[in-house]
Each structure stands twice: as structure tokens, then as C-alpha cells.
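Throughout, numbering of the chain's residues begins at 1 and tracks the sequence. Just so it is clear, the model here is predicted, and its values are computed rather than measured.
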Amino acid sequence: MTSVLERFLRYVQIDTQSDPNSESFPSTAKQRNLSNQLVVELQELGVTDAHVDEHGYVYATIPSNSDKTDIPVICFCSHVDTSPDVSGAYVKPIVHHNWDGSDIVLPDDTSQVLRIGELHDLDQQIGNDIVTASGTTLLGADNKAGVAEIVAAAEFLLANPAVKHGDIKILFTPDEEVGRGTEKVDLVKLGADYGYTVDGEAIGTLEDETFSADGVKITIHGVSTHPGYAIGKLENALKIAADILAALPKGSLSPESTEDKQGFIHPVQMEGIQEKATLVFIIRDFSVSGLHKKEALLKQITDQVLTNYPGSSVEFKVQEQYRNMKEILDQHPQVIENALSAIKMAGLDPILQSIRGGTDGSRLSFMGLPCPNIFAGEHAFHSRLEWVSVQDMEKAVEVIVNLCQVWEQKA
């Protein structure tokens with residue numbers, strides 16, 4: 001059998017970075033390179049229906065080997081793309097065997113150093129095998145660790161028919177990192193009753209709650225005129241935009257000042273010219289009412305700034321992005337209960353927690369596929385210090401296999 005590490009090292013060397021500015025789907029054609037390889041590997045394992053559809057999704061089925069006929073169909077899902085925040089090209093993975101706890105200096109940029117005390121959970125990994133990139137790229141554990149774990153679990157199930165399970169569906173999505181991972185997924189074709197994304201962080205964690213998320217776009221229409229003759233006339237849209245940003249709360253309601261269940265208002269893009277400028281925000285909270293309060297505050301700030309510019313106007317548009325999956329998961333408690341059992345079967349103490357972000361599972365849950373998030377072992381994602389533990393990946397494989405058995409046993 002091929003180890004989860006072997007698969008992971010192979011996958012991270014395939015550049016699959018997505019592009020938020022692309023209008024194609026998937027946003028980058030290179031994501032298909034990994035998707036096509038995964039189909040070949042799954043078919044070689046005996047998954048005969050594995051294929052990539054026209055949108056870049058991988059669908060596959062491991063058929064039931066149980067005599068029971070009422071086992072819910074379970075799906076495991078991970079995304080093939082990596083974040084556009086840091087280069088994902090020419091990744092050179094390095095395995096630091098039996099790590100002794102000393103600083104890990106990445107060789108291609110020695111200013112990039114993994115240190116205990118600076119990176120969450122790193123102090124729990126002494127004696128384990130740590131995988132990093134070389135210092136100039138991200139690693140891609142987000143979410144190729146999850147991809148490798150699902151394929152490794154599929155290989156185990158197919159090679160061990162004594163492990164009983166129902167129909168298991170596999171779904172690999174493109175463009176999760178740019179918020180489009182479920183945009184064209186076909187849930188009827190998938191045919192699953194419940195799902196699990198394998199895209200979490202620390203070993204033993206199960207995430208049943210995400211942010212609810214909206215986007216806000218403020219379009220500012222200023223008053224343009226020749227700067228040499230602008231007295232009493234010019235209202236510069238760029239300056240109006242700057243005034244709005246400057247009026248945001250200081251020390252609160254921002255990503256850098258919030259934690260736990262606190263939400264935020266976060267500007268992510270500003271562009272324009274003297275006549276017209278746009279500001280793009282993401283709004284995050286664990287409740288929809290919290291979202292609306294933050295949007296109302298941002299609208300109030302915008303309106304107040306505009307009182308100083310009587311000739312100018314704004315368009316304030318709110319777009320729903322995703323909602324807290326806990327609203328759906330609370331209606332299907334067995335999805336969480338079975339996952340907690342599977343984690344315990346692996347000898348771990350399960351940790352049920354929320355995500356200060358979102359996953360494909362957020363949208364899938366509201367599309368009709370209740371879908372919490374299982375740990376994949378990825379850490380410091382979207383950065384050149386990204387790392388994953390081989391032992392954590394192996395435990396994730398074990399949990400996936402356990403979950404398949406738990407659903408069969410409880411049917």
C-alpha cells in the first residue's frame with residue numbers, strides 16, 4: 001500500500017493555486033492536473049466510476065460491502081486548490097524526521113523559521129515527522145493533506161473487505177480558496193446523505209460551526225474636475241474611501257483585534273480614481289443578526305463620511321457568502337455523534353470547536369448535505385511556514401476508516 005506521506009509529497013508538487021480574479025471555472029486550468037491524477041490513482045485502486053466532470057470536480061464511489069441495506073451514504077470531501085495568498089509553484093517538500101523540538105530553518109529562505117511558542121500546536125509534535133516547504137512557497141497541506149488522507153483511506157477500505165461499510169462517496173472540489181468550491185457541484189449526482197470535509201487543523205478536532213459571512217461593496221461616485229480649478233468643486237472619491245477606512249473602529253471589530261466568537265468588519269480591496277472608487281469588505285460573525293449589526297454600522301460610517309461631500313454619492317451592496325453550518329448540523333446530531341465516536345476509536349480525545357472561517361461544508365450543509373469538518377493536520381496555512389505532521393495525517397486516515405465503520409454498525 002502507498003503511504004499517506006508518499007501521496008501527500010506527490011500532490012504538493014503539483015501547482016493548483018486558484019485565482020480570485022479569474023472568471024473561468026475552475027479559476028485555473030492547472031487545478032485539473034491534480035484532479036486528473038487523482039482519478040487515475042482511484043481507478044488503479046479499483047474505484048471504477050472515478051472521473052472528473054466538465055467543471056473540474058472529482059466524483060467517485062467505494063461500493064458497500066455490507067449486507068445491511070439501510071446504511072446512509074457518506075461523502076468525504078477535500079479541495080485540490082491552494083491559496084492565492086502565497087506561491088504554490090515549485091513546492092519542495094521537506095520531511096524533518098523525528099523532530100527534536102529545535103528551530104526548523106527553511107533552507108531557501110532562512111528568515112522563515114518554525115519555532116515552538118510562535119506556531120500553534122507545534123510543541124505537541126516533538127518526536128514526530130514534520131513536513132514543511134523550503135521557505136519560498138506554501139506547502140499545500142491546506143488541503144492536499146485532506147486529499148491524501150481520503151485516497152489513503154479509500155485504498156485501505158478496498159484492500160480490507162473485512163472492514164464493513166456502506167456506499168462511500170468521494171468528492172474533490174476546485175476553487176475552495178476563492179469561495180467557489182461548491183458553485184457547480186451536483187449533489188444529485190453525488191448521491192450522499194451526509195458528508196465530512198477533511199480540512200481541519202489540530203489532531204482530534206471536529207468543527208461543527210463556522211462564521212456566517214457576507215461581502216459588502218461600496219462604490220463611491222465623487223465629483224471630478226481639473227485640479228487646477230478645483231476649489232469648491234472637487235470631491236475626490238479616493239479621499240472619501242480613505243475617510244471611510246479611517247473611521248472604522250480602532251482596536252475592535254477587525255481580524256487583528258478579535259478572537260473566539262467575535263466577528264469583524266474587514267476591508268480587503270480598494271481601487272479607483274479621482275471620480276470613482278470602490279471598497280470591498282468581508283463581514284464575519286457567528287450569527288446572522290451579528291452580521292446585520294456590523295453591516296448597519298458600516299453603512300452608518302459611510303453615510304456620516306458622505307455628509308462632508310454633498311456632491312458625491314455611494315452604492316452600498318451586500319452579498320450573502322455563506323452561513324454558519326451549525327444551524328443545519330444541529331438538526332442532524334448523528335453526524336457529529338458518529339464523528340466523535342470515530343475519533344475516540346482512534347485513541348484520541350475529540351475536541352469539538354468552531355472555525356473562524358468557512359469551509360466547503362458550510363455551503364454543502366445549506367445545499368442539503370450536512371457536512372462538519374474533520375481534522376487533516378494542516379497548520380499555519382496560507383503561509384510559507386505551513387506544516388503538517390505525518391503522524392497526524394495517519395490518524396486522520398484512521399478516523400475516516402473508523403467513520404465508515406461507525407455508520408455501518410449503527411445502521
Student: Where the side chain of S22 meets the backbone of D19, is there a donor-acceptor pair that is under 3.5 Å apart?
Tutor: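 Side chain of S22 to backbone of D19: no pair is present.
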Student: For Q409, does the CD atom have more than 12 heavy-atom neighbours from other residues, nucleotides or ligands under 6.0 Å away?
Tutor: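 Yes, the 6.0 Å shell around CD holds more than 12 heavy atoms from other groups.
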Student: Treating D167 as the side-chain partner and P63 as the backbone partner, does any N or O pair qualify as donor plus acceptor under 3.5 Å?
Tutor: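 No, D167 side chain to P63 backbone: no donor-acceptor pair under 3.5 Å.
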Student: Would you indicate whether D103, at its atom CG, is surrounded by more than 12 heavy atoms from other residues, nucleotides or ligands within a distance under 6.0 Å?
Tutor: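 Enclosed: over 12 neighbouring heavy atoms sit under 6.0 Å from CG of D103.
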Student: Side-chain donor-acceptor contacts of residues 129-136 below 3.5 Å, not counting sequence neighbours, with atom names and distances?
Tutor:
{"from": "D129", "atom 1": "OD1", "to": "N98", "atom 2": "N", "distance (Å)": "2.7"}
{"from": "D129", "atom 1": "OD2", "to": "Q391", "atom 2": "NE2", "distance (Å)": "3.0"}
{"from": "T132", "atom 1": "OG1", "to": "H96", "atom 2": "NE2", "distance (Å)": "2.9"}
{"from": "S134", "atom 1": "OG", "to": "D108", "atom 2": "OD2", "distance (Å)": "2.8"}

Student: Taking the side chain from D49 and the backbone from T61, do they hold a donor-acceptor pair closer than 3.5 Å?
Tutor: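 Side chain of D49 to backbone of T61, a donor-acceptor pair under 3.5 Å: yes, one is there.
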Student: For E209, which of K261, R323, K326 qualifies under salt bridge (Lys or Arg N to Asp or Glu O under 4.0 Å)?
Tutor: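 Only one option passes, and that is K261.
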Student: On the 0 to 90° scale, with breaks at 30° and 60°, tag the H55-Y57 ring pair as parallel, tilted or perpendicular.
Tutor: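 Correct class here is perpendicular.
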Student: side-chain hydrogen bond (donor to acceptor under 3.5 Å, both in side chains) for N128 and Q125? Distances and angles first, verdict last.
Tutor: CA-CA 5 Å; N128 286 345; Q125 299 295 337; 2.8 Å; yes
Student: Whether the side chain of D260 engages the backbone of Q262 through a donor-acceptor N/O pair (distance < 3.5 Å, no angle test) should be reported.
Tutor: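 Between the backbone of Q262 and the side chain of D260 there is no qualifying donor-acceptor contact (under 3.5 Å).
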Student: Tell me whether Y90 at atom OH has more than 12 heavy atoms from other residues, nucleotides or ligands lying less than 6.0 Å away.
Tutor: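 Atom OH in Y90 is not crowded, with 12 or fewer foreign heavy atoms closer than 6.0 Å.
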Student: Which residues pass the ring-ring contact (aromatic ring centres under 6.0 Å, His included) test with F286, not counting sequence neighbours?
Tutor: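 Expected list: F211.
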Student: Taking only residues two or more places apart in sequence, or in another chain, which ones meet H79 in a ring-ring contact (aromatic ring centres under 6.0 Å, His included)?
Tutor: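 H79 satisfies ring-ring contact (aromatic ring centres under 6.0 Å, His included) with no residue once adjacent residues are dropped.
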Student: Could you check whether E337 pairs with K410 (Lys NZ or Arg NE/NH1/NH2 to Asp/Glu carboxylate O, under 4.0 Å)?
Tutor: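 A salt bridge is absent here (no side-chain N lies under 4.0 Å from a carboxylate O).
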Student: For atom NZ of K344, decide whether the heavy atoms of other residues, nucleotides or ligands shown that lie under 6.0 angstrom number more than 12.
Tutor: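 Check fails, neighbour count at 12 or below.
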Student: For D67, look at atom CG and say whether over 12 heavy atoms of other residues, nucleotides or ligands are found less than 6.0 Å away.
Tutor: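 For D67, atom CG is not crowded (no more than 12 foreign heavy atoms under 6.0 Å).
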Student: Please list all pairs meeting ring-ring contact (aromatic ring centres under 6.0 Å, His included) that have one or both residues in residues 388-411, counting only residues at least two apart or in different chains.
Tutor: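 Passing the test, one end in residues 388-411: Y194-W407.
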Student: Give a yes or no on whether the backbone of E207 and the side-chain of S354 come within a donor-acceptor separation of less than 3.5 Å.
Tutor: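 Checked: no pair found.
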Student: Quick check on K164: does its NZ atom have over 12 non-hydrogen neighbours (other residues, nucleotides or ligands) under 6.0 Å away?
Tutor: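 Correct, the count exceeds 12.
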Student: With sequence neighbours excluded, tell me which residues meet side-chain contact (heavy atoms from CB on, under 4.5 Å) with A346.
Tutor: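 L348, K395, E398, V399, N402.
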Student: Answer yes or no: is there a donor N or O on one side and an acceptor on the other, between the side chain of Y11 and the main chain of V147, under 3.5 Å?
Tutor: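 Pair absent, no side-chain N/O of Y11 close to backbone of V147.
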Student: Do the side chain of Q17 and the main chain of V86 share a donor and acceptor less than 3.5 angstrom apart?
Tutor: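 Pair found, side chain donor or acceptor close to backbone of V86.
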Student: Considering residues at least two apart in sequence or located in another chain, which fulfil the ring-ring contact (aromatic ring centres under 6.0 Å, His included) criterion with F281?
Tutor: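 Checked F281 against ring-ring contact (aromatic ring centres under 6.0 Å, His included); zero matches.
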Student: After noting the C-alpha distance and the side-chain angles of K299 and D303, does the key distance pass the salt bridge (charged side-chain N to carboxylate O under 4.0 Å, His left out) rule?
Tutor: CA-CA 6 Å; K299 182 66 164 59; D303 291 343; 2.9 Å; yes
Student: Mark yes when over 12 heavy atoms from residues, nucleotides or ligands other than E315 sit less than 6.0 Å from its CD; otherwise mark no.
Tutor: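 Correct, the count exceeds 12.
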Student: Are any side-chain N or O atoms of Q124 and backbone N or O atoms of D121, one a donor and one an acceptor, separated by less than 3.5 Å?
Tutor: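 Checked: no pair found.
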Student: Among Q319, R284, E295, which one satisfies side chain to side chain contact (heavy atoms under 4.5 Å, CB included) with D214?
Tutor: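 Answer to the side chain to side chain contact (heavy atoms under 4.5 Å, CB included) test with D214 among Q319, R284, E295: E295.
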Student: Are more than 12 heavy atoms, taken from residues, nucleotides or ligands other than K68, located less than 6.0 Å from that residue's NZ atom?
Tutor: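 Counting other residues, nucleotides and ligands, NZ of K68 exceeds 12 neighbours.
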